[in-house]
Amino acid sequence: MKLLIDDADIQKIRAIYDKYAVDGVTTNPSILAKCGRPPYEVLKEIRSFIGYNHELHAQVLSLNADDMVKEAHQMIDVLGKNTYIKIPTIPEGLKAMKLLAAEEIKTTATVIYTPMQAYLAAKAGANYAAPYVNRIDNLGADGIDFTKTFQNIIKTNNFKTQILAASFKNSKQMQELCEYGVGAATAAPEVIEGLMKNASVTAAVEEFVRDFEALCGKGKTMLNCN
Ligand code: G3P
């Protein structure tokens with residue numbers, strides 16, 4: 001499962017990249033709005049930091065296909081290769097996905113809440129289909145089960161589309177989809193950090209340090225314990 005950062009704050013992106021092996025960054029208009037700066041300025045800053053080998057996902061705002069395609073062209077011009085154009089999975093969005101697939105422009109079908117949206121996005125040639133796991137949970141349904149169903153539909157029908165699961169709020173949601181083998185997941189930096197928060201692990205590491213320091217002295221490591 002690829003792991004992406006669902007944020008546009010460059011400090012948070014840098015901090016995650018510093019420690020973890022991640023595959024790119026996803027954004028949406030609400031995430032960009034939180035930065036309070038011109039969207040292209042923020043997106044170019046992210047692209048410049050992650051380079052062109054990592055994925056950058058950014059979303060169109062138009063609600064009709066022709067304008068979505070125009071936005072996509074401009075976004076690719078500015079942000080370069082390995083940019084995925086996020087398109088809401090509405091009827092006009094499906095049309096835009098078809099048109100962009102014909103031009104070999106990569107798309108991420110987003111705002112997916114139902115299995116047949118995922119099916120139609122895959123039919124339209126989207127590279128990724130992005131279900132909103134936690135938002136589905138909040139509707140009283142089961143976002144994990146839905147996402148597994150999306151994955152089954154895509155696999156059973158031999159589509160090349162991959163699942164890019166989004167909207168996570170906890171480690172368990174991510175673990176279940178990792179175990180199930182979805183193609184990718186994107187999560188906020190806080191959720192990614194949460195994957196490693198474990199008091200037992202921290203206590204075990206601290207005990208090793210205490211025991212070693214009792215033997216060799218405070219601050220000693222394998223570099224200077226002779
Ligand atoms: O990009 C869409 C998705 O990541 C939304 O996540 O946390 O706003 O539900 P969230």
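No hydrogens, no waters, no symmetry mates; every other heavy atom, side chains included, goes into these values. Counting convention: from 1, in listed order, for ligands and their atoms alike.
Near Ala166, with a cut-off below 4.0 Å to any heavy atom, the atoms of ligand 1 are 3 (C), 4 (O).
Glu55 and His57 are linked by a side-chain donor-acceptor pair at a separation below 3.5 angstrom, with hydrogens and angles left out of the test.
Note: an N/O pair closer than 3.5 Å links Ser167 and ligand 1 by distance alone. Residue contacts with ligand 1: Lys86 is placed with a nitrogen or oxygen under 3.5 Å of a nitrogen or oxygen of the ligand (distance criterion only). Checked against a 3.5 angstrom limit, the closest N/O atoms of Thr27 and ligand 1 fall outside it.
The protein non-hydrogen atom at the shortest distance from atom 8 (O) of ligand 1 is Arg135 NH2, 2.7 Å. When hydrogens are left out, the protein atom nearest atom 7 (O) of ligand 1 is Lys169 NZ, 2.7 Å; that is the closest non-hydrogen contact. What sits closest to atom 1 (O) of ligand 1 on the protein, heavy atoms only, is Asn28 ND2, 2.9 Å.
Salt bridge Lys197/Glu193: absent, no basic N to carboxylate O contact under 4.0 Å.
Aromatic pair Phe49/Tyr17: centroids less than 6.0 angstrom apart.
The shortest side-chain heavy-atom distance between Lys19 and Met196 does not fall under the 4.5 Å cut-off.
Counting heavy-atom neighbours within 6.0 Å of Glu41 CD, excluding the residue itself, gives a total above 12.
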message = Walk me through whether Met75 and Val60 qualify under side-chain contact (heavy atoms from CB on, under 4.5 Å).
response = CA-CA 9 Å; Met75 291 158 76; Val60 298; 3.9 Å; yes

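Within the 4.0 Å heavy-atom criterion, the part of Tyr132 lying near ligand 1 is the side chain and not the backbone.
Atoms OH and OH, from Tyr84 and Tyr128 in turn, are 5.0 Å apart once rounded to the nearest 0.5 Å.
The shell of residues lying under 4.0 angstrom from ligand 1, judged by heavy atoms, includes Asp6.
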